[in-house]
Amino acid sequence: MTSSLLSDANRRLERALKYVHISEDASERLKFPKASLKVSIPVRMDDGSLRVFEGYRVRYDDTRGPTKGGIRFHPNVTMDEVQSLAFWMTFKCAAVNLPFGGAKGGITLNPKALSKFELERLSRGYVDAIADFIGPDIDIPAPDVYTNPMIMGWMMDQYSIIRRQLSPAVITGKPIGMGGSQGRNTATGVGAFQVLVAMMRKFDKAPAATTVAVQGFGNAGSVVARLLFDAGYQVVAVSDSHGGVYCDRGLDIPSLQQFKASTRNLQAVYCEGTVCNLVDGHETITNDELLTLNVDVLIPAALENQITAANAPQIQAKYIFEVANGPITSAGDRILEDKGVYVFPDILVNAGGVTVSYFEWVQNRSGLYWSEAEVGDRLQTKMVAEAEKIWSVSHNLAIPMRTAAYVHALERLEEAHSARGTRDYYVS
Ligand code: NAD
């Protein structure tokens, strides 16, 4: 295995394999992505120059259904990262029992440096390059870091132009007017909140007595922060890429949200305001400080590899809910486990996004559209049921929630692999 992130993910798989019987065929297959595509995307820039961007799409495993996973626009996107995220998507879809395999995509760039016109040309160019690799029954992309409904809409439109038929089910996270689902934009945060509330009940800790720090005040992080605030939790710190704010009495999350929204610079497509600009009555803190605050609950909701062997010893939170994908390295994980920290893993906690993406795909294919309340109810039923099942696996086998989530997902993946016949079937 050449890739470091993917090896890290594989270490987690190997650990889970100790607790569940999986055929050699399935475990061998799951070590490798099914197909990895690297493309170059030439884009005519506003000043007339031509710039070529590198893009990726990886389909990890499609045994349980067409592959599914987001598209990330970020300077750090590499094939290694995309393969690891596609691996996680495979386990996430299985963990919450969606009829999908895992995939991921990305383009290496700083999207904030592009104009709206350039971003649209780039998004359409990416679809031109990967059109034969995706499709409603093959691979269905969605938004991820620094991609949004507008970008998904451009991509769906471009795919429909290529296929000469309207194909809303090729991509999820679209604007409502283009076949998007009610509740998709907030689904990751809502799902994470539903899991957090269900799991925290087990520890008998009242919301008002529970302090929370959220790293990443973006699409997912700001929604969880807001729902926790509304439910009476003490959200004492939040941050974004510029840094964070802290207030021991609890932050006024609706004001922070309003502030970010009011400074939104539409020229740039992305929100340009930062939580740090709102300093009245708040202390500013760095992201490193936020992670090691003395709080009950820590919610990493920004990027991967934020908690490592270097800072895990200083983590004071007792419960960590991973809204970001892979925010804790496996070395960091071991230290937290020794300290007795409960880590609720990404493949469960942030599965609300892909679950409502699945609902969107179902609605696009059936032509029947659901209300936001119906989407929320279906999401709640699924998230809480799967969280409870993983909690039971964790208790029955006396293993951490992360390993339990992998065991739970592996049982479903094994079922799909063995249904096609494994060595045991052919040579017994
Ligand atoms: P987003 O772009 O809306 O928000 C990301 C936030 O993180 C921004 O506020 C940004 O300023 C902040 N950030 C970036 N670097 C940071 C750093 N070093 N320290 C602190 N904050 C930093 O993205 P999102 O959609 O909210 O996704 C966040 C995480 O959740 C990602 O790991 C993503 O893969 C994961 N996730 C998102 C979804 C979804 O549906 N949005 C679904 C599943 C998982």
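Below, each value reflects all heavy atoms present in this structure, side chains not excepted, and no hydrogens, waters or symmetry copies. Counting convention: from 1, in listed order, for ligands and their atoms alike.
Results of the side chain to side chain contact (heavy atoms under 4.5 Å, CB included) test with Leu227 over Val235, Val190, Ile253, Leu196 single out Val190 as the only residue that passes. Screening Met89, Lys104, Lys68, Lys34 against Arg59 for a side chain to side chain contact (heavy atoms under 4.5 Å, CB included) leaves a single residue, Lys34.
Under a 3.5 Å cut-off, the side chain of Tyr126 and the backbone N or O of Tyr56 do form a donor-acceptor pair. With hydrogens and angles ignored, the 3.5 Å screen pairs a side-chain donor or acceptor of Arg121 with a backbone N or O of Arg44.
Using a 4.0 Å cut-off to heavy atoms of Asp144, the atoms of ligand 1 that qualify are 33 (C), 34 (O). Near Asn287, meaning under 4.0 Å from any of its heavy atoms, are these atoms of ligand 1: 19 (N), 20 (C). Counting atoms of ligand 1 from 1 in the listed order, those under 4.0 Å from a heavy atom of Ala324 are 29 (C), 30 (O), 32 (O), 35 (C). For ligand 1, the atoms closer than 4.0 angstrom to any heavy atom of Leu303 are 15 (N).
For His242, the closest heavy-atom approach to ligand 1 does not fall below 4.0 Å. The shortest separation from a heavy atom of Glu304 to ligand 1 is not under 4.0 Å, leaving the residue out of contact.
Summarising the local packing, CZ of Arg412 is surrounded by more than 12 heavy atoms from other residues, nucleotides or ligands at distances under 6.0 Å.
At a 4.0 Å heavy-atom cut-off, ligand 1 touches Arg184 through the side chain alone. In Ala301, the part holding a heavy atom less than 4.0 Å from any atom of ligand 1 is the backbone. Contacts between Thr188 and ligand 1 below 4.0 angstrom, taking non-hydrogen atoms only, involve the side chain exclusively.
Taking the six-membered ring where the residue is Trp, the centroids of Phe344 and Tyr319 are separated by 6.0 Å or more.
With respect to Arg163 and Asp157, no salt bridge is recorded, no charged nitrogen being found less than 4.0 Å from a carboxylate O.
For Ser241, a nitrogen or oxygen atom sits less than 3.5 Å from a nitrogen or oxygen atom of ligand 1, counting backbone and side chain alike. Backbone and side-chain nitrogen or oxygen atoms of Asn325 are examined, and one is located within less than 3.5 angstrom of a nitrogen or oxygen of ligand 1.
Looking at residues two or more places apart in sequence or on another chain, you find a ring-ring contact (aromatic ring centres under 6.0 Å, His included) between Phe359 and Trp370. Residues passing the ring-ring contact (aromatic ring centres under 6.0 Å, His included) test with Phe117: none are found, sequence neighbours excluded.
In terms of protein heavy atoms, atom 1 (P) of ligand 1 is closest to Asn219 N, 3.9 Å. Of all protein heavy atoms, the one closest to atom 18 (N) of ligand 1 is Gln306 OE1, 4.2 Å.
Proximity annotation for atom 5 (C) of ligand 1: of Pro143, Gly218, Ala187, Gly244, Gly218 comes nearest, heavy atoms only.
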